[in-house]
Amino acid sequence: MKKFLLILSFFIGIYASAQEELKKDSVVVDTIKYWSVLGKNTLMINQAAFSNWVGGGANNVGWLAGINYNITYEKDKDLWENIIILGYGQNDTKGLGIRKTQDVINVSTNYGRKFSKSWYFSLGAGLQSQFAAGYEDGNNPEAKKISNFMAPGYVNVGMGITYRPDDNLTVTLRPTNARWTFVLDKDLQLAGNYGLKSDGDTSLLQFGFLGTAMYKLKIMEDIYLTNTASVFSNYLDRPDRLVLAYGALLNLKVNKYISSNVTLDLLYDHNQIAKTQLKQTLGIGFAYTLDNGVKRSERKDSQWWIKK
């Protein structure tokens, strides 16, 4: 949790500093007019209470906080897209105590140079991990620890091509991609754990093909579905054992500050467990979206955010 607050404070500090610089400099020259920003900040809360309820139940309260930002630079043939997804949540149930319900770090960057309509030569990197320790038996802190911050942590670096006809569809294919798996918790550095070759190993290097896709769909007014998918094949060892991931985020907007989210995540990674993993969440709460609508270079008033 402390790591989450530290990283969140870091990004807030960067944003505040950038805004201060804008006030000083961009009145003369609009240096970031080619950037577009779409960011969502959420705080979901759920609670249940029981008293003499024959049907039974346990009092509980839970929360989930997160940010999801897409920051894109687009000018002439250059396209640079950055995605920041951070989330953490807990639930406190009477008789069971506090359990983690959500924990995600997903940061990626991808630069492309257009060579044909909607097609780019691209180079990118990504980081995936979590903030806090995870345990067996429903995240029971008294149970066996099975994960932690950067245990595992995945870093991908590769090059290939990107297809992006509009803001709602992005497909990237990297036939050359290095994938590092890090296990920085000494308690988890065991042979076979997350693919490690020997006890005490801190990382595993794989080289292969990585394909990613993102598709946004407007189902109806104020109801949006975002789909993400990825596939990785390791050329060096058992390329038939694909690492497959799919995520769906259904957002139902009530008004400017209240919305409901339904998420579904599916993952298959033989190095983690030879079974399909599934995670689903449902929440309603406060949400604030930062969206400049189109990239700033296309606005008639390209300094609209300064003059508010």
*How long is the gap from OH on Tyr154 to CD1 on Ile105, to the nearest 0.5 Å?*
13.5 Å
*Distance-only donor-acceptor check, side chains Asn82 and Tyr69, under 3.5 Å*: no
*Can you list the residues that meet the salt bridge (charged side-chain N to carboxylate O under 4.0 Å, His left out) rule with Asp237, with sequence neighbours excluded?*
Lys197
*Taking it one step at a time, do Thr281 and Gln102 satisfy side-chain hydrogen bond (donor to acceptor under 3.5 Å, both in side chains)?*
CA-CA 8 Å; Thr281 66; Gln102 174 80 313; 5.0 Å; no
*Among Ile, Leu, Val, Met, Phe, Trp and Tyr joined by side-chain contacts under 4.5 Å, find the other residues sharing a cluster with Leu64 and list them by chain and number.*
Met44
_Within the structure provided, determine whether Gln130 and Lys100 are in side-chain contact (heavy-atom separation under 4.5 Å)._
yes
*asked:* Quick check for you: to the nearest 0.5 Å, what is the distance between Tyr268 atom OH and Leu244 atom CG?
replied: 9.0 Å
_Point-to-point distance, once rounded to the nearest 0.5 Å, from CG of Asn227 to CG of Leu225_ = 4.0 Å
*Just wondering, are more than 12 heavy atoms of other shown residues or ligands nearer than 6.0 Å to OH in Tyr215?*
no
*Test ring-ring contact (aromatic ring centres under 6.0 Å, His included) applied to Trp80 and Tyr120, Trp35, Tyr111, the passing residue*: Trp35
*Answer yes or no: is there a donor N or O on one side and an acceptor on the other, between the side chain of Asn68 and the main chain of Ile85, under 3.5 Å?*
no
*Please check if the side chain of Asn60 supplies one atom and the backbone of Asp92 the other of a donor-acceptor pair under 3.5 Å.*
no
*Atom CG of Asn251 and atom OH of Tyr224: how far apart are they, to the nearest 0.5 Å?*
8.5 Å
*Pairs touching residues 199-214 that satisfy side-chain hydrogen bond (donor to acceptor under 3.5 Å, both in side chains), sequence neighbours left out*: Arg179-Gln206
*Pro239 side chain near Phe209 side chain, heavy-atom distance below 4.5 Å*: no
*Hey, are Arg164 and Asn110 close enough side-chain-wise for a donor-acceptor pair under 3.5 Å?*
no
*Ignoring hydrogens and angles, tell me if any N or O in the side chain of Thr176 forms a donor-acceptor pair with the backbone of Met159 under 3.5 Å.*
yes
*Give a yes or no on whether the backbone of Tyr257 and the side-chain of Asn255 come within a donor-acceptor separation of less than 3.5 Å.*
yes
*Going through the checks in order, is the side chain to side chain contact (heavy atoms under 4.5 Å, CB included) test met by Phe121 and Ile161?*
CA-CA 5 Å; Phe121 291 117; Ile161 58 174; 4.1 Å; yes
*Measuring from Tyr73:OH to Leu79:CG, what's the distance to the nearest 0.5 Å?*
11.0 Å
*Which pair of heavy atoms, one from Ser147 and one from Pro152, lies closest together, and at what distance?*
CB-CD, 4.2 Å
_Minimum side-chain heavy-atom gap Phe286-Asn41 below 4.5 Å_ = no
*Will you find, in the side chains of Thr263 and Asn261, an N or O donor that is under 3.5 Å from an N or O acceptor?*
no
*Measure the CG-CG distance between Asn70 and Leu290 for me, rounded to the nearest 0.5 Å.*
11.5 Å
_Student check: side-chain heavy atoms of Thr162 and Glu81 closer than 4.5 Å_ = no
*Ile258, Ile223: one ILVMFWY side-chain cluster at the under-4.5 Å cut-off?*
no
*Please tell me if the side chains of Ser116 and Tyr163 come closer than 4.5 Å, counting only heavy atoms from C-beta onward.*
no
*Test item: Ile146 and Gln272 side chains (from C-beta on) under 4.5 Å apart, heavy atoms*: no
*Nearest atoms (heavy-atom pairs only) where Asn139 meets Gly134*: OD1-CA, 3.4 Å
*Can you tell if the side chain of Leu123 reaches within under 4.5 Å of the side chain of Arg174, non-hydrogen atoms only?*
no
*So, Asp103 side chain and Phe131 main chain: donor-acceptor pair closer than 3.5 Å or not?*
yes
